[in-house]
Each structure stands twice: as C-alpha cells, then as structure tokens.
Amino acid sequence: MTETERTPLAVFERHESNVRSYCRDFPVVFERAAGHHLWDTSGRRYVDLLCGAGSLNYGHNPPAIVQRVTAYLAAGGPVQSLDLHTTAKADFLERLSALVLEPRGLGDFVVQFPGPAGTLAVEAALKLARKVTGRTEVIAFTGGFHGASLGALAATTSPLLRGAAGVPLTDVTILPYGDAAGPSGTDPVAALEAALGQGTRTGPPAAILLETVQGEGGLHTAPRPWLARIRELADATGALVIVDDIQAGCGRTGTFFSFEETPELRPDLVCLSKSLSGMGLPMAALLISPETDRWAPGEHNGTFRGHNLAFVAGSAALDHWSDPHFTAHAAELATAIRTSLASIIDALPAGVAEAVGKGAMSGLRFTDTETATGVRQALFRAGVVAETSGLGHVLKLLPPLTMSLTDWKEVADILGDTVLTTVAAEPLGGRGRSNRP
Ligand SMILES: *Cc1c(COP(=O)(O)O)cnc(C)c1O
C-alpha cells in the first residue's frame, strides 16, 4: 500500500462505486452527529445544512426520537414485519391521522407503505393513477425530481439521471413548471391547457405529478394560480393530481404539507418520505384519497413495507406536530432564514444572487455555477456543509427546523461573510454580472 492509499478516503476510492456523489464535495469521513452538527474523524465540527437532503428536519439523532427507538429495541419489538399488523404501525397510523391528516381535512385518506425509499412512493402513485384511470400518460414538469427508478425517472428531467436509464423513458409528457417559461417563451398555464386540450400523445393523462417547491430542481416555487389551474384541468379531464411532497413536506416549507396554503390544489395522492421517520431511517408513505384506493390486496408489494423502527421514530417525530412551541418555532425560523438571505443579497453587487424557495426550504440562486460552487467550497472550509442544486447554481439551505434562532444567526453570519468574500474574489469582483442573462 502506498502512502496516498492510506488516507482516510482510500477505502471509499478503492471499494465504492464511481457513482458516489455528495461525498465528493465534502471529502472527509464523518463519525458523529447531533442536532445541526456533524463531526469528522479528526474531531472537526461542521454545521449541517444538507441534512440528508431534507431527511433530517428534526436534526441528527434527536434525543426524544432516539430514546423511543432504543426503548422499542430493548423491549424486543419486531423490527421487520412485511405488512403484518404491529403495535408500532398502529401507533404511527393513529398519530398520522390524528395529528396530521384530520386537522388538515384529509382524515378520510388512507396510507400505503410502499417500501423504504421516496422513489417507491412515486412508483406506487404512478401505478395506482394509471390503474384507476385506465390511462398511461402522465404530465410532469421541467426541473422536477421524483426518483431514480424507471417510472419516477421518466418524470424527472435531470439529463444526467435520464441519460443513465438505458431504455426509453416513456409515457410522461414534460411541460414547463409554473414559474418557468417554455422553450418558445410559452406561459406555463397556456402550455398546460394546450397539452390537456389536445390530449397528450396517448389521449387524456392519468395524472399530473408535481412538487410545489422543487427540491433538487433548484427551489423553483409554484405560483398559487398555476396550482389552482392544475386542479381545474385535472377535474375537467378526469386526471388525478399527485403531489410529490417528499422533500417539501414534513414541515420544510413552514406547514406539514407544502400545499396547505393552496387548498384549491386538493391532491388525490401525496408522496411522503425523507423526514417522515424523523431521524433519517428509511421510510416512505403514499397518502391515497378514498375514491382512489382501488388496489386489490397484494397487487403491489415490497419486503421492507414494515420497518418498525421507522414507525416508532416516525410516531415520535409526528408528536412534534402537537406541540405549539415546535410549530411556532418552525415558522419563526423560516422567517429568520428569509430575512438573513435578503440582507445577504442587499450587501452584494446587484444581480449576483436572488433568494429562492419557500420557508425553511430556501437558498441563493447565483447567476452561474462557478460562483455557487465557489461559495459551497468556501462554506465547507468554514465548517458548513451545504449543497448546490438545480443546474448547480442554487445554494440550498436545509437547516433542521429545530435549530435555535441564535444558532441560525451565527450560521447566517458565516454564510454572509463567505458569499461576500467569494464574490469579491472573482475576476470582476462580482461587478458587471448584472448584465448577464
Ligand atoms: C428525494 C426525492 C425523491 C426520491 O426519494 P429517494 O428516497 O431518493 O428515492 C422523490 N421526490 C422528491 C421531491 C425528492 O426530493
């Protein structure tokens, strides 16, 4: 073994597939995590604003959740149970219904556990929508990310991911997202109306699949009138509305579901995953309106539908939603984030960056990927882990919703200094950029 092979990263470089990605941007080895902090093997502490791409809305290892999981294990509760009845699943279903669904007018929805990954909730939703309507085509939108398995991938627009499919990705029509013009400058509402009016290639669609805030796609936020029109057009054509709330849900935008401030949207199917288990255990759920639950028993399945540790953790996580201090704090943090971003932008030369996203799912969109990458790298040197998304020019900030305002303020100061220094160090000192498209 040569000297270089003995670096702490050598094991990954030698044994892990070339497909690995996030780890390339943060080349250290993490050993410990608590709240909004991560520690590497040298003992260095980082502030984590990546948070498992939004799967750690309650922070790393939240003590109240960890305690319930360890107690369940210590008591010898079953861990794997396919879809058998367990007390852990009963508790989770009761809490989800009482604390989330009923107060939000979705009390008659039922829950399908499709398996441990977000993409499995999307696959189940697409399959069910096609079965219920007897149609094949699905409408999805530019910038959407729904998962890497073939059905969800067909509705995902990242060229890198699509290019790896190896087979044609069919039966999905991609239209411009609500805040984006189409290739010929078409307005997204008109594009949607035209596509539905003419029928898609194979007739009226089975479903319209969307994120209300695009997590991986660069924090595009759908305007309310566009969302309302989606429901109207779905009703007019007999299509179902599927909201992929895998990243934007579980409180990320300030309310449990990202569509609560848009009651007109009334989804038929809602995909949840990421922060659903509350501590990063794999878990996904598909919420199904009563009219749409036309599955025959066993018609769709998966071995890991019954991950009881995730049910136990998820129940503890849902308890946050009965605590008015938690919900008030999440809303305050969301406001504090937007205020910090606005003041960072004020301090920058005009046109260098804009604030994008919604609530605690916000970030800075730079005019180019170089600046965004430079900021991400400088942040990491300053001990902050944050990712870039979209076409690589959006710095995405996903702090735990439990982070205190004082801690956020400290991070926001580092962020502000880092952005200013990075922009000032660029060839034009950040000037002259306002003329760029
Ligand atoms: C992460 C994500 C998915 C896919 O979830 P996986 O667990 O990675 O399969 C789907 N949709 C959205 C909006 C996501 O953010």
Side-chain angles (χ1 to χ4, degrees), residues 19-23 49-57 112-127 129 138 140-158 160-162 164-165 169 172 174 177-178 207-222 227 241-253 256-259 265 267 269-287 302-305 307 310 313-314 356-363 387-390 394 396-398:
V19 78
R20 62 199 192 282
S21 59
Y22 288 113
C23 57
L49 302 183
L50 172 59
C51 277
S55 44
L56 294 165
N57 284 1
Q112 175 183 3
F113 298 106
T119 200
L120 299 177
V122 176
E123 295 291 340
L126 293 173
K127 197 193 269 190
V138 166
F141 299 98
T142 49
F145 174 80
H146 301 288
S149 55
L150 287 180
L153 184 56
T156 294
T157 55
S158 152
L160 176 68
L161 289 167
R162 289 183 77 87
L169 295 169
V172 177
I174 308 276
Y177 189 70
I208 305 175
L209 167 65
L210 72 143
E211 297 161 88
T212 68
V213 182
Q214 293 187 327
E216 301 305 298
L219 301 175
H220 293 278
T221 304
L227 292 173
V241 173
I242 308 172
V243 173
D244 178 348
D245 232 12
I246 289 173
Q247 192 162 153
C250 299
R252 197 26 80 185
T253 63
F256 187 88
F257 294 113
S258 70
F259 50 86
L265 184 59
L269 294 162
V270 181
C271 305
L272 291 175
S273 185
K274 293 221 160 79
S275 277
L276 189 58
S277 80
M279 61 173 289
L281 292 175
M283 181 178 205
L286 177 63
L287 310 181
T303 302
F304 289 108
R305 279 171 291 168
H307 183 355
V356 287
K358 187 179 177 201
M361 188 171 179
S362 290
E387 69 167 314
T388 45
S389 77
V394 176
K396 188 165 77 171
L397 311 166
L398 301 176

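Everything numeric in this text was worked out from a predicted model, so none of it was measured. Numbering of ligands and ligand atoms starts at 1, following listing order.
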> Which protein residues have a heavy atom under 4.0 Å from ligand 1?
Replying inline: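 Ligand 1 is contacted, at a heavy-atom distance under 4.0 Å, by Ala117, Gly118, Thr119, Phe145, His146, Gly147, Glu211, Asp244, Ile246, Gln247, Lys274.
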> How far does CG of Leu120 sit from SG of Cys271, to the nearest 0.5 angstrom?
Replying inline: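 Here the rounded value is 10.5 Å.
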>> Set out, in order, the CA-CA distance, both residues' side-chain angles and the distance that settles side-chain contact (heavy atoms from CB on, under 4.5 Å) for Thr156 and Leu169, then state yes or no.
In response: CA-CA 10 Å; Thr156 294; Leu169 295 169; over 6 Å; no
> Does the pair Phe141 and Glu211 meet the rule for a side-chain contact (heavy atoms from CB on, under 4.5 Å), with working shown?
Replying inline: CA-CA 9 Å; Phe141 299 98; Glu211 297 161 88; over 6 Å; no
> Going through the checks in order, is the side-chain contact (heavy atoms from CB on, under 4.5 Å) test met by Met361 and Leu398?
Replying inline: CA-CA 6 Å; Met361 188 171 179; Leu398 301 176; 4.2 Å; yes
> Yes or no on side-chain contact (heavy atoms from CB on, under 4.5 Å) for Val172 and Leu209, after CA distance, side-chain angles and deciding distance?
Replying inline: CA-CA 10 Å; Val172 177; Leu209 167 65; over 6 Å; no
>> Quick check: closest heavy atoms across Lys396 and Gly215, and the distance to 0.1 Å?
In response: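 Closest heavy-atom pair between Lys396 and Gly215: NZ-O, 3.1 Å.
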